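Here the structure comes first, spelled out in structure tokens, and everything after it is commentary.
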There are 2 protein chains.
Amino acid sequence: MIELPNKSPLYLQVRDQIVAGIAAGDWPVGDALPSEFELAQKLGVSQGTVRKGLDALVAEGVLIRRQGIGTFIADAPDAWGSAELLDTYGVALTTVIELLACSRVHASDEVAAALGLRRGIQVYSIKRLIRVGADAFGVEEICVPSDQFEGLDARRIKQAGGNPRGVFLKQFGLRLLEGTPRLRTVLAEREVARLLQLEVDFPLLESIRVAQTLDGRKIEWSRLLCRTDRYAYRPNCDA
Amino acid sequence: MIELPNKSPLYLQVRDQIVAGIAAGDWPVGDALPSEFELAQKLGVSQGTVRKGLDALVAEGVLIRRQGIGTFIADAPDAWGSAELLDTYGVALTTVIELLACSRVHASDEVAAALGLRRGIQVYSIKRLIRVGADAFGVEEICVPSDQFEGLDARRIKQAGGNPRGVFLKQFGLRLLEGTPRLRTVLAEREVARLLQLEVDFPLLESIRVAQTLDGRKIEWSRLLCRTDRYAYRPNCDA
DNA sequence: GAGTGGTCTAGACCACAAA
DNA sequence: TTGTGGTCTAGACCACTCA
């Protein structure tokens, strides 16, 4: 291990080295890391210390361990995938996501405040429709600062299966960790009502989350508006 | 360690031994466990293994470690305490809880189904009002099977500072772990509207959670109904 | 100084998956 | 059979708290 006058425990330094390696693209998504013993030798620590360092990243969903095989870089799960949708009897339902638009707009005051940006700065706004069967369940808007994701567009997102997180990770090298949602009930405005085929003022559930990078920069704001008359929403917040 | 033909790793067996010890009341709330080395000797394993066994319980909030001092049995946090309440600008607010009632009733079908009980069996129903300042923010109902908590009443809950979880733990030896909430928007019915000083059909946020014991028995159903026009609710689900 | 949690090592062995 | 993750040990030292 490179010996800096660093007070933090060795295993955290190991963690940071791995994070740096991932950010530098040493191991693309799906690749295996060197084995725990190799890493230990390379970093000059014992296998147990490497293991403890990797534990945190496994817990954060960045790495996936497979016994007998290796430790792999995890793919970026869809933000919506971190939630569950249940019918009125508690049975989980599967959803389909439809990309509606990806455009460059001025950040609303709310988004700018949540991400610590200057008011009115440019952000990419990604809108998606979430369906369960033929039913429109909710609409989601994702905002990210445009200067960090130059050239983001609908085509790229569609190529990644409609998953913006996949693009953020593979094209821009940024992995995001979900924050805890802020929940409110709101009444449907015109555009949302139209998309969900509901009347205006239909009561909806609003879930707002801010996601951050591995090193703690808040970088993605998202809002889900969904109907909960036929379904229940379970957010699965770990963060 | 008592050698049963047990396939599970030693550190999980250690965890289970500690859980059993806690359930048996070996160490009341606030007490220190024996030191890691003492436990290691007593159970015939190494300190590292004991440590790993305790890690899980610390993560679950059952134990609290204090460096240089010892490892302690954690108190039962109030169920409501696992959530946060924010104003419209994201600033956290403090709440006051008022116990409304504790009564013995027949379980609704919904509660019975969620807890795996026979329909119509008796449960204790605890109702509480959550205030922020002078404002009524929400009402909460907690249901637990009456046969597990014989003699529960408002007096006992008040003695524990209005925290039912404290009573469950200290009087009945049961520690509960919070589950992930199921969320819906609902319209206020008459009684709830009256308690919250809102008109009937005011849109509210409903959060339903099931909590379980350390060994996985679902034992507590709770429903929070709250207004989110002035506040945002952040559930903090770990489970 | 004594006792606690917290970290680290070197080496061992097991469980599992693949060639 | 080989290489991987997964567990465990014995012993060492550090960091912190308290008497």
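Just so we're on the same page: letters track the sequence lines, and every chain starts at 1. Just so you know, these numbers come straight off a predicted model, no measurement behind them.
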Euclidean distance, atom [atom1] of residue [X] to atom [atom2] of [N] [Å, nearest integer]:
{"X": "F37(B)", "N": "dA2(C)", "atom1": "CZ", "atom2": "P", "result": "16 Å"}
{"X": "E36(A)", "N": "dC16(C)", "atom1": "CD", "atom2": "C1'", "result": "14 Å"}
{"X": "Q41(B)", "N": "dA10(D)", "atom1": "CD", "atom2": "C1'", "result": "14 Å"}
{"X": "L10(A)", "N": "dA10(C)", "atom1": "CG", "atom2": "C1'", "result": "15 Å"}
{"X": "Q13(A)", "N": "dT9(C)", "atom1": "CD", "atom2": "P", "result": "11 Å"}
{"X": "F72(A)", "N": "dG3(D)", "atom1": "CZ", "atom2": "C1'", "result": "12 Å"}
{"X": "R15(B)", "N": "dT7(D)", "atom1": "CZ", "atom2": "P", "result": "14 Å"}
{"X": "L12(B)", "N": "dT7(D)", "atom1": "CG", "atom2": "P", "result": "8 Å"}

> Any side-chain N or O of S46(A) under 4.0 Å from OP1/OP2 of dA10(C)?
Replying inline: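 Answer is no, no contact under 4.0 Å.
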> Does dT7(C) have OP1 or OP2 sitting under 4.0 Å from an N or O in the side chain of Y11(A)?
Replying inline: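 Checking dT7(C) against Y11(A), a side-chain N or O does come within under 4.0 Å of OP1 or OP2.
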> Just by distance, do the side chain of R66(A) and the backbone of F72(A) share a donor-acceptor pair under 3.5 Å?
Replying inline: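 Pair absent, no side-chain N/O of R66(A) close to backbone of F72(A).
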>> Taking CD in E98(B) as the centre, count heavy atoms belonging to other residues, nucleotides or ligands within less than 6.0 Å. Is the count above 12?
In response: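 Enclosed: over 12 neighbouring heavy atoms sit under 6.0 Å from CD of E98(B).
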>> Can you confirm whether more than 12 heavy atoms, excluding those of Q159(B), are under 6.0 Å from its CD atom?
In response: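 Check passes, neighbour count above 12.
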Check every atom of [options] against the side chain of [X] and return the nucleotide holding the closest atom.
{"X": "I69(A)", "options": "dA17(C), dT4(C), dT9(D)", "value": "dA17(C)"}
{"X": "S35(B)", "options": "dT4(C), dT9(D), dC8(D)", "value": "dT4(C)"}
{"X": "E38(B)", "options": "dT4(D), dT9(D), dT4(C)", "value": "dT4(C)"}

> Got a sec? Which of residues 47-67 of chain B come in under 4.0 Å of DNA chain C, heavy atoms?
Replying inline: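 Within residues 47-67 of chain B, the residues near DNA chain C are Q47(B), R51(B), R65(B), R66(B), Q67(B).
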Give me the atom names and distance for the closest heavy-atom approach of [X] to [Y].
{"X": "R184(A)", "Y": "T228(B)", "result": "NH2-O, 2.8 Å"}
{"X": "D75(A)", "Y": "L169(A)", "result": "C-CD2, 4.3 Å"}
{"X": "I157(A)", "Y": "V167(A)", "result": "CA-CG2, 3.8 Å"}

>> Is there a side chain to side chain contact (heavy atoms under 4.5 Å, CB included) between I73(A) and L33(A)? Walk through the geometry before answering.
In response: CA-CA 7 Å; I73(A) 309 289; L33(A) 260 64; 3.3 Å; yes
